[in-house]
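Structure record follows, encoded as structure tokens.
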Amino acid sequence: MGRITLTGIEKSFGAVHVLKGIDLDITAGELVVFVGPSGCGKSTLLRLIAGLDQPTGGRIEIDGRDVTRVAAADRGLAMVFQSYALYPHMTVRQNMAFGLENAHLPRPEIEARIAEASRMLEIGALLERRPGQLSGGQRQRVAIGRAIVRNPTAFLLDEPLSNLDAELRVSMRAELAALHGRLKTTMIYVTHDQVEAMTLANRIVVLRAGRIEQVDTPLNLYNRPANLFVAGFIGAPSMNLIPATVTGVAADGLACSWLDGGRVSIDAEGGAVLPGASVTLGIRPQHLKLARGHEAAIEVTVTLAEQLGAETVVHAQTKGGQRILAVLPGQPAIARGEEIALAYDAADIHAFDAEGKRLRGN
Amino acid sequence: MSALTKSVGAVLAAPAMWLAALIDKPLRALQNRAGFGGMAAFFLFPNMAIFGVFVLLPLVVNFAYSMTGGSALFLPDRSFVGGEQYARLLTCENYANPRTCTDDLFWVAVHNTALFVVLQVVAMTVVAMVTALILNRDIRARSFWRAVFFFPVLLSPVVVGLIWRWILQREGLLNYFLYQFGIEPTVWLTDRTWAFTAAIGVSIWAHVGFYALILLAGLQAIPRDLYEAAEMDGTRPSRVFWRITLPLLMPNLLVVIVLVLIRAVQIFDEVYVLTGGGPGTATLFVTQYIYEVGFASLLRNPGLASAASILMGAVLVVLTLIQLGVARRGEQKGKRS
């Protein structure tokens, strides 16, 4: 169990309307990640689910039970905070036992749960230490352990890895994924790190300015972004978004003029647009490669080449001033000021209408 | 930085630069002669001179006075009596009963001060804690209420004493209101118990804002996440207070307790203005005893007053050392967590 349903969730802080009609259905056992830029409302939404804040409107259900006005403690959820929120004056054992003591569980039951969680998270040797004597990664494990011992219906994780260094974040990410695999409990995870989102999530919820932009699996978000915002937000570096004009419409494709009069044909349902309409075409930097012959290509002048070893990030500009970013495999010898041609496959091009919505069919 | 800001800064700094250039040469010459350590002594001298003249010297003179007898004011006119004054103060058949002591008034003052310290420290700490907890909540006009509680701290103790005497005296404001509501007026300041209670209450009213502020700072330093974690854990508010707030507030609380303790031992001014130590000796405290014996009574005895102040100073030194120890422990604890 652990199905969470949000219907028409609204949240305002005074005159500031933070969440605007959020509808979302999270199935039991799913790991859902909320991503979005700062201020998009992802943490607020998590706090509403947790019961730490009350929504201005809408309804929150857990396993079919309306919990909108139910106290946080009675929702059966456990939260892992960004700062870990461990009680600094208590030992790890006392931290983990605290919530169970509140529930008046018998001492042997409390000890058994602590033992099980500490075995699972390999923190058995830390039980008598205080949080101040632990490293960041150890504190993170304890925070997760404190959540686990409560046997919650769902875990709520608010940017739990953001205070860790890059290396530890990678290993903790893998551990969290493994933990979810073992526990099979619903998890809602808030992050602004899209790598965390892509690697951990069963589904990702992309939020912007208090609205859901798209809910889908990580690969669907990457391959079929619903709009320009998602296209630009998911994937690193960001997708190249290039203005274009529709020159011809067919049942299964569009002919467009882009980049200083160049022509490109893409697979997209053309019914929604008319010749002469403005559209935006997007191509991911990873889908561009150095042209070797008479392939379709974009001619650019290199402004910067960042050699990362396994790949090279090329910053370039067309004659018309359109900035283009390409991620080329390996270590090609490219210098600033050099003129190169970046080949593309038309099948990799995404098309968005004037309102920024994806044109169906591509 | 804008050009205007730069030029204004240059104009303001010009006199300081001129002065610095003026004293640069003599200071360099002095440093060459006196060395680095000598310069430190040179800069410390004005402060040490003031401290020496107004604190250290009076302390030594006071000690010298405590070894002399008679009522003459100037030290050369006084006769050396050794530890006689201390013996007079400390000779008691039963310290619990001031009447059995050679200087019974001193021991009445000691008893009163001890009772005042115990009651006032407990009451002040509780009131300061409750005030801080309320002011820490998201109440309407929170800044206004904080100012209201802190305002009496800014008043002179004499003003505090006068205000409350005006309220509590027989024809005072409180009795006037009681009379308006048909309640029999009470002689607040001429009843022993009420006068003592008033002394405690007035000193709490006058100083609680300061101690509440220290506790409020401690409360605000407790991360909100901890309370949210406790909320998720289903913790009752009373358990949140005892298990989370109080332990995390302990460093601030200990500092408050020790500061209140030191101040309570020194209690004098506002109570002296309020009750004059009465009725009888009901609110006579050690500091007032020293003042009365040293300056105000007809049979003044500066030697005895000095000896009493030396004894009181010793108690304060012990309390100050405890305060320093507590503060240091708090700092180390803060560094560890």
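Computation of the quantities below employed the complete heavy-atom set of this structure, encompassing side-chain atoms and omitting hydrogens, waters and symmetry-equivalent molecules. Order of the sequence lines fixes the chain letters, A, B, ..., with proteins taken first and strands second; residue numbering starts at 1 for each chain.
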Examine whether an atom of Tyr87(A) lies under 4.5 Å from a heavy atom of chain B, and if so say whether it belongs to the side chain, the backbone or both; otherwise answer neither.
both

What part of Leu77(A) lies closer than 4.5 angstrom to a heavy atom of chain B: side chain, backbone, both or neither?
both

Output the option from Arg224(B), Glu231(B), Glu228(B) having the highest count of non-hydrogen pairs under 4.5 Å with chain A.
Glu228(B)

Within residues 57-69 of chain A, contacts to chain B at heavy-atom distances under 4.5 Å involve none

Gly29(A) to Asn202(A) - nearest heavy-atom pair and separation
O-OD1, 4.2 Å

Inter-chain contacts: residues 146-166 of chain A against chain B, heavy atoms under 4.5 Å
Arg146(A), Arg150(A)

Could you tell me which non-hydrogen atom of Leu216(B) sits nearest to which non-hydrogen atom of Ala132(B), and how far apart they are?
CD1-O, 3.5 Å

Give me the ring orientation class for Trp205(B) and Trp164(B): parallel if the planes are under 30° apart, tilted from 30 to 60°, perpendicular past 60°.
perpendicular

Checking heavy atoms, do the side chain of Arg75(A), its backbone, both or neither come under 4.5 Å from chain B?
neither

Tell me if a side-chain donor or acceptor on Thr287(B) pairs with a main-chain N or O of Phe268(B) at a distance below 3.5 Å.
no

May I ask you to decide whether Glu30(A) forms a salt bridge with Arg203(A), counting only side-chain N to carboxylate O separations under 4.0 Å?
yes

Counting distance only, does the side-chain N/O of Arg139(A) pair as donor-acceptor with the main-chain N or O of Pro131(A) below 3.5 Å?
yes

Which donor-acceptor pairs under 3.5 Å do side chains of residues 239-249 of chain B form with protein atoms, sequence neighbours excluded?
residue, atom, partner, partner atom, Å
Arg239(B), NE, Asn102(A), OD1, 2.4
Arg239(B), NH2, Glu101(A), OE1, 2.9
Arg239(B), NH2, Asn102(A), OD1, 3.4
Thr245(B), OG1, Tyr227(B), OH, 2.8

Under 4.0 Å between a side-chain nitrogen and a carboxylate oxygen: does that hold for Arg3(A) and Asp25(A)?
yes

State which residues pass side chain to side chain donor-acceptor pair (under 3.5 Å) with Thr131(B); sequence neighbours excluded, sorted by chain then number.
none

dist Thr56(A):OG1 -> Lys11(A):NZ (nearest 0.5 Å) comes out at 4.5 Å

Arg113(A)/Glu116(A) ion pair, N-O < 4.0 Å
no

